[in-house]
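Take a look at the structure below.
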Amino acid sequence: APAISSAPIMALDAKKMDDILHEYMVERGFKEAADSFKKEALSGDMAVEMALSAHTSLLHRIMAFNRKESSPENYVQAYNRLQTYIENSIDIYRHEMQRVLWPLLVHVFLDLIKKNFISQAQKLMEGNIRFFKRQHGKEIAQLQVITKAQDVGVNPIAKLFLEKKAKIEMSKFSHQMLFSFLESSNHMLLLSLLNAHVQIVAIPRAPLSRKEIEGITKQSKGEMEVEEELNDRKQKFWGVLPQDNELHKSALDQGFGGVHPPPSAVKSRRGVGVGGAIGATSEDVTRLIAPQSMIKRSIPIPAVEEHDRERKLRDLKMRATFYGKGNVLPSVCMYTFLNSEAATAVSVSRDGSLVAAGYTDSTVRTWNLKKTNAVARNFPVQTTKKNVGGEKEPESPTLRSTKPTLKGEDVKTMEIDSAWPPYSKLVGHHGPTFSTCFSEKGDFVLSASQDATVRLWSVETSLGLACYRGHSFPVWDAVFSPVGYYFATASLDKTARLWCTHRGYPLRIFAGHRDDVECVRFHPNANVIATGSADKTVRLWDIQSGDPARLFRGHTQEVRALAMAPNGRIAASGGGDGTVILWDLPEGKKIAKLEGHTKDVLSLDFSDDGGMLASGSMDCSINLWDVRTASGLVQPIKRMYTKNAPVSFLRFTPRNLLLAAGVYRASSKPNLISKTTK
């Protein structure tokens, strides 16, 4: 068979289009207009070429430059000349250009080490220590231990600089002065290093003053030092509240209750492996203990009433036990919202009887399923059908297809709309609602909105009780503390805030993230909160002092979900990269990275005994993980799929029933409502 030509179809560029237009005008007799058009086209092309020639020439020179051919003397001379030029520059520009010297010194040092010029690299670093020791002392100390080229790949500071480009913003004037000097002095060596490892952004503004530069440097300096210092600090608040410890002890004495020890605390007869759980015996992983109490004095919390204590004991006694005979897994109750493309947030109360959803029309809607079921049972319908013999056979009562009319007490607590089941519509926000959360007892619900406010609503009366203002941008998340009274919020303004229901202003402001805070969760003892951010980090904060307590890195995209284990010693974070990471809070270290989702992880929760972790994702699946052993962290023990409904909410009840919720998406590619600021 003859070969079929597959020549590519080429799009017309600007020059060809100009030629076609010129020929068309000549054919139509517009010769003078055609000549004028051609002259203007040629002059325009020449202007563009002249404007780009300098940049393309410089780029080609940088790309063609070979650093391998440079001697160590060239490195030292080029860096010293740049340093001298910057120090002799005008004050208004000098302070901005000085910010380039530190990352450039590190990359010159590492380049010399990789080329086995060890003595020259160390001499260069020693000669410049006095300029950077105050701000980067610990980083310099870790770089100085590098004695051979093989050390570069394992040194944490070297890896950080090589894997992540330093971003430096400066005014256009400072940017122009810096690159004019490097280009005019033919410092292709430094230009190639800057091009490869430093992102310099020119901003149309006046140069920053020295005081402003110091403020930026103080905020960003020694990020690795801050992380190490925080994670090495021994804290006293990782346990649970004393009353919770006593509750589990009392339950264990009666033969039920308790929590699983954290993975790092499980000892192995053959030694400790990943997460400290490899080789653990079956007796170790099935053992339940009373969680340790926190040593530090707690913040003021409401007193526990006797009937609440009795209710918790009943829940512990009735709690489902996993991993026993037959490896029983939890039952899952999935709440799927149909025909609700405008729903942006979904939550379910602790006992599963209340459901709340936020919508793009700024409303919050709540459903009382207990009341709905009670009303529905009062409206049975008797239907009949004929059997083979022609006689009528009664069927079991079924629910009417039309909505029943509510009367009396039912009308007081819910607004009757055109839909069934009926719901209460809570109106008060002035923008889309991004988060809803029920209190522990289910008597209140919080809602967070794009209008930068958080509102507190009564579930019983469907009335707004308070509006909390303090954030300057949309609020992405709002959650109640385990003891009630307090709640926390996360916002686009890069802060998380602590509130109490009786005050209209925040009690604490937690600032430190570099990007918007996506999610926030309370520790079981209500004395610590965890925040996940678009800057790919997880931070934990001491509520009493407002100071950071831990800083965790490991995700490659934003952190979208958090969960705390009931033992108070393990945290889990889910990211836009589809991974879940377990963190050891007392040790300040990563336990394991769980990979089982293909899209963003939207929700996480631990079982009431702490032995199982559930993760919900935008890939419309729920994964169950056994977090007691290392083998259970390799792959999920169970994977369940929804019908095109991203799982945006997960919660274990006190009796270990797993509640899940999501909004059905008719499109083939599920996509949650994006968080927009306007």
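Computed from a predicted model, the values in this text were never measured in an experiment.
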Can you confirm whether more than 12 heavy atoms, excluding those of His307, are under 6.0 Å from its NE2 atom?
yes
Looking at side-chain heavy atoms only, is the closest gap between Leu426 and Thr363 below 4.5 Å?
no
With Leu613 as partner, the option from Leu650, Asp605, Leu624, Leu582 fulfilling side chain to side chain contact (heavy atoms under 4.5 Å, CB included) is Leu582
Between Thr501 and Tyr485, does the side-chain contact (heavy atoms from CB on, under 4.5 Å) criterion hold? Intermediate values first, please.
CA-CA 6 Å; Thr501 54; Tyr485 187 66; 3.8 Å; yes
What is the ring orientation for Trp499 with His471, classed by angle as parallel under 30°, tilted 30 to 60°, or perpendicular over 60°?
tilted
Rounded to the nearest 0.5 Å, how far does CG of Leu659 lie from CZ of Phe649?
6.5 Å
Which heavy atom of Val538 sits nearest a heavy atom of Ser573, and at what distance?
CG2-CB, 3.7 Å
Just grab all the salt bridge (charged side-chain N to carboxylate O under 4.0 Å, His left out) pairs involving residues 464-474, residues at least two apart or on different chains.
none
Report the distance from atom CH2 of Trp457 to atom CZ of Phe444, rounding to the nearest 0.5 Å.
14.0 Å
Please tell me whether His597 and Ser621 have a donor and an acceptor in their side chains that are separated by less than 3.5 angstrom.
yes
Return the minimal non-hydrogen interatomic distance between Thr453 and Cys467, and the atom names on each side.
CB-SG, 3.9 Å
For Lys312, is there an ion pair with Asp315 - N to carboxylate O distance below 4.0 angstrom?
no
dist Asp577:CG -> Thr556:OG1 (nearest 0.5 Å) comes out at 3.5 Å
Using 0.5 Å steps for rounding, measure from the CZ atom of Phe522 to the CZ atom of Phe480.
9.5 Å
Shortest non-hydrogen pair, Gln544 vs Ser298, comes out as NE2-C, 3.6 Å
Spell out, as yes or no, whether a donor-acceptor pair under 3.5 Å connects the side chain of Ser340 to the backbone of Ala342.
no
Kindly determine whether Asp351 and Arg655 satisfy side-chain contact (heavy atoms from CB on, under 4.5 Å), including the steps that lead there.
CA-CA 9 Å; Asp351 62 356; Arg655 301 186 182 186; over 6 Å; no
Salt bridge between Lys536 and Asp515, side-chain N to carboxylate O under 4.0 Å?
no
Any donor and acceptor pair, going by atom type alone, linking the side chain of Asn656 with main-chain N or O of Ala320 inside 3.5 Å?
yes
Are any of the side-chain heavy atoms of Phe552 and Leu540 separated by less than 4.5 Å?
yes
Would you find more than 12 non-hydrogen atoms of other residues, nucleotides or ligands less than 6.0 Å from Gln292 atom CD?
no
Compare all side-chain heavy atoms of Val346 with those of Tyr335 and state whether any distance is below 4.5 angstrom.
no
Heavy atoms, side chains only, cut-off 4.5 Å: are Arg550 and Trp238 in contact?
yes
If you measure from OG on Ser481 to CZ on Arg521, what distance do you get to the nearest 0.5 Å?
13.0 Å
Indicate yes or no: at least one non-hydrogen side-chain atom of Thr537 is less than 4.5 angstrom from one of Leu551.
yes
Heavy atoms, side chains only, cut-off 4.5 Å: are Phe487 and Tyr468 in contact?
yes
Do side-chain atoms of His555 reach the backbone of Gln557 as a donor and acceptor pair under 3.5 angstrom?
no
Is the side chain of Ser491 donor-acceptor paired with the backbone N or O of Thr495 at a distance under 3.5 Å, no angle test?
no
Whether Tyr423 and Trp367 hold their rings parallel, tilted or perpendicular, with breakpoints at 30° and 60°
tilted
For a quick test of reading the model, state the closest non-hydrogen atom pair linking Ala571 to Leu585 and the distance between them.
CB-CD2, 3.8 Å
Taking atom NZ as the centre, does Lys593 end up with more than 12 heavy-atom neighbours from other residues, nucleotides or ligands that are less than 6.0 angstrom away?
yes
Taking it one step at a time, do Trp625 and Ser615 satisfy side chain to side chain donor-acceptor pair (under 3.5 Å)?
CA-CA 8 Å; Trp625 308 85; Ser615 59; 3.1 Å; yes
Any salt bridge between Asp608 and Arg319, counting N to O under 4.0 Å?
yes
Shortest non-hydrogen separation from Met612 to Phe652 and the atoms involved
SD-CZ, 4.4 Å
Between Arg639 and Asn623, is a side chain to side chain donor-acceptor pair (under 3.5 Å) present by the stated rule, with each step listed?
CA-CA 5 Å; Arg639 181 178 286 114; Asn623 286 347; 3.2 Å; yes
Between Asp547 and Asp542 (side chain of the first, backbone of the second, donor and acceptor by atom type, cut-off under 3.5 Å), is there such a pair?
no
pair Lys643-Thr336: side-chain heavy atoms closer than 4.5 Å
no
Step by step, would you call Asp600 with Arg560 a salt bridge (charged side-chain N to carboxylate O under 4.0 Å, His left out)?
CA-CA 8 Å; Asp600 303 31; Arg560 303 199 62 178; 2.9 Å; yes
So, does His248 use its side chain to make a donor-acceptor pair with the main chain of Gly258 at under 3.5 Å?
yes
Taking Ser347 for its side chain and Thr436 for its backbone only, find out whether a donor-acceptor pair lies under 3.5 Å.
yes
Should Trp583 and Lys590 be marked as a side-chain contact (heavy atoms from CB on, under 4.5 Å) after you check the CA-CA gap, both sets of side-chain angles, and the distance that decides it?
CA-CA 5 Å; Trp583 308 98; Lys590 180 172 73 173; 3.6 Å; yes
Keeping the roles fixed (side chain from Asp443, backbone from Lys441), state whether a donor-acceptor pair exists under 3.5 Å.
no
Ala452 and Ser472: which non-hydrogen atoms are nearest, and at how many Å?
CB-C, 4.3 Å
Using a strict threshold of under 4.0 Å (side-chain N to carboxylate O), is an ion pair present between Asp626 and Arg628?
yes
Quick one: pull up CG in Leu498 and CD1 in Ile543 and give me the separation to the nearest 0.5 Å.
5.0 Å
Any heavy-atom pair between the side chains of Val475 and Asp477 that's under 4.5 Å?
no
Please walk me through it: do Lys494 and Arg514 pass side-chain contact (heavy atoms from CB on, under 4.5 Å)?
CA-CA 7 Å; Lys494 305 179 185 179; Arg514 300 292 189 82; over 6 Å; no
Quick check: does any side chain N or O of Arg455 sit under 3.5 Å from a backbone N or O of Gly428, one acting as donor and the other as acceptor?
yes
Is Ser362 reaching over with its side chain to a backbone N or O of His429, donor-acceptor style, under 3.5 angstrom?
yes
